[in-house]
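Taking it in order: structure first as structure tokens, then the write-up.
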There are 2 protein chains.
Amino acid sequence: MAISKRKALSENQIQLIAKALADPRRYEILRRLGDHENALACGTVLECLEISPATLSHHMKELKTAGLVQQVRKGKFVSYLPQRDVLEAYFERLRKDLI
Amino acid sequence: MAISKRKALSENQIQLIAKALADPRRYEILRRLGDHENALACGTVLECLEISPATLSHHMKELKTAGLVQQVRKGKFVSYLPQRDVLEAYFERLRKDLI
DNA sequence: TCGATATTTCGACAACTATCGAATTGATGA
DNA sequence: TCATCAATTCGATAGTTGTCGAAATATCGA
């Protein structure tokens, strides 16, 4: 089949994604992740945004819970990988619901 | 030209839309508006959702501020018209930023 | 103009959330 | 094992927001 098959998002995940996108800081983080094909290191994000490590950790947790990023650990360091297919599924759902 | 021309959304409006979509009640309202080609009456929405008139008014104001609906007054009654082009512009922007 | 109905605004309150410093956990290299 | 650095969790706080009842505003028909 030509059409990509994505797993449908639950009502709950739709809400989690919407909330995740609604915070400017998280949006900015996602935007930066989107720029990079590879995973982006936690420390790198921290350099760009002027927030404390605790706050970043909080936001990344929200993004993980929403399924928008995946976490990769390499020794001491943590990186994040954007989950583009989840975003695509979200867009698709929004279009179906609202347009 | 075949391609629709949409006015670009400001940073601020992007945030307003994201916030507007993040509330389950507002999402539900938008979903119902999306179902109807014509404008949907305030009272009709009120019958569907179990919220007070004051709360509905609050949410509709948020949706208006975000540019997602337009308000039409017919005498005593108020109806709302979904602004599908704004939603489209929003999707387009998200895709450009995040994918 | 007046009374009735629809919607909005106001004021208050509870729930939620972004933020940070401090304490904690995880992982490495010496 | 221990010192060190990265990241997370905890606890507290300030700001935001969803909610409603009551008061105010808007519009119509009599």
Side-chain angles (χ1 to χ4, degrees), chain A residues 11-33 36 38-83, chain B residues 11-33 36 38-83:
Chain A
E11 290 302 317
N12 189 44
Q13 195 170 0
I14 292 287
Q15 279 306 314
L16 288 176
I17 294 173
K19 284 212 169 188
L21 292 176
D23 181 86
R25 214 99 23 181
R26 286 193 290 263
Y27 192 89
E28 177 66 16
I29 293 170
L30 274 182
R31 212 178 55 68
R32 285 177 192 274
L33 288 186
H36 294 72
N38 42 334
L40 198 54
C42 184
T44 307
V45 180
L46 207 46
E47 285 168 21
C48 302
L49 312 182
E50 301 198 334
I51 56 177
S52 72
T55 301
L56 177 61
S57 204
H58 163 67
H59 285 312
M60 296 319 295
K61 192 177 184 178
E62 297 292 307
L63 291 174
K64 272 186 288 177
T65 305
L68 289 173
V69 306
Q70 256 204 335
Q71 196 177 55
V72 183
R73 179 139 217 153
K74 277 241 173 95
K76 263 196 299 193
F77 303 92
V78 167
S79 287
Y80 298 101
L81 210 55
Q83 299 299 99
Chain B
E11 290 302 317
N12 189 43
Q13 195 170 359
I14 292 286
Q15 278 307 313
L16 288 175
I17 293 172
K19 284 212 171 191
L21 292 176
D23 180 84
R25 214 101 20 184
R26 286 193 291 263
Y27 192 89
E28 177 66 14
I29 294 169
L30 276 181
R31 212 178 55 69
R32 285 177 192 275
L33 287 187
H36 292 71
N38 42 335
L40 198 55
C42 183
T44 308
V45 180
L46 208 45
E47 287 168 20
C48 301
L49 311 183
E50 301 197 335
I51 55 177
S52 72
T55 301
L56 177 61
S57 203
H58 162 68
H59 285 313
M60 296 319 294
K61 192 177 185 178
E62 297 292 306
L63 291 174
K64 273 186 287 176
T65 306
L68 289 172
V69 305
Q70 254 204 337
Q71 195 177 55
V72 183
R73 180 140 217 151
K74 277 239 173 99
K76 264 197 297 192
F77 303 93
V78 168
S79 287
Y80 298 100
L81 210 54
Q83 298 300 99

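First the proteins, then the strands, lettered A, B, ... as listed; each starts at 1.
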Closest non-hydrogen atom pair, A:Leu16 against A:Thr65: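 The answer is CD1-O, 3.8 Å.
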Heavy-atom pair with the smallest gap, counting every atom of B:Leu33 and B:Pro82: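 The answer is O-CG, 3.7 Å.
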Assign [X] to base, sugar-phosphate, or nothing according to its heavy-atom contacts below 4.0 angstrom with the strands shown.
X	value
B:His59	sugar-phosphate
A:Lys19	sugar-phosphate
B:Gln71	sugar-phosphate

Salt bridge present between A:Arg25 and A:Glu28 (N-O < 4.0 angstrom):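 Salt bridge between A:Arg25 and A:Glu28, a charged N being under 4.0 Å from a carboxylate O: no.
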In whole Å, what is the span from the [atom1] atom of [X] to the [atom2] atom of [N]?
X	N	atom1	atom2	result
B:Phe77	C:dA4	CZ	C1'	11 Å
A:Glu62	C:dT17	CD	P	7 Å
A:His58	D:dA6	NE2	C1'	20 Å
B:Ile29	C:dT7	CD1	P	13 Å
B:Leu46	C:dT7	CG	C1'	10 Å
A:Lys74	D:dA7	NZ	C1'	17 Å
A:Leu21	C:dT17	CG	P	15 Å
B:Glu50	D:dG18	CD	P	19 Å

Distance (rounded to the nearest 0.5 Å) between A:Leu68 CG and A:Ile17 CD1: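 One gets 5.0 Å once the value is rounded to the nearest 0.5 Å.
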Contact nearer the 5' end of DNA chain C, comparing A:Arg25 with A:Arg73: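 Taking each residue's closest nucleotide, the earlier one in sequence belongs to A:Arg25.
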Along DNA chain C (nearest heavy atom to each residue), the more 5'-positioned of A:Asp23 and B:Lys76: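 So the residue in question is B:Lys76.
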Candidate nucleotides D:dG18, D:dG21, D:dC10, ranked by approach to the side chain of B:Ala54 - the nearest: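 Of the options given, the side chain of B:Ala54 lies nearest D:dG21.
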Nearest-nucleotide pick for A:Lys61, side chain only, options being C:dA6, D:dT9, D:dC20: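 In terms of side-chain proximity for A:Lys61, the closest of C:dA6, D:dT9, D:dC20 is D:dT9.
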A:Gln71, CD atom: more than 12 neighbouring heavy atoms under 6.0 Å: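 It does: A:Gln71 CD has more than 12 such atoms within range.
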Phosphate OP1/OP2 of D:dC20: any B:Thr55 side-chain N/O under 4.0 Å: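 So the side-chain polar atoms of B:Thr55 do come within 4.0 Å of the phosphate oxygens OP1 or OP2 of D:dC20, strictly under.
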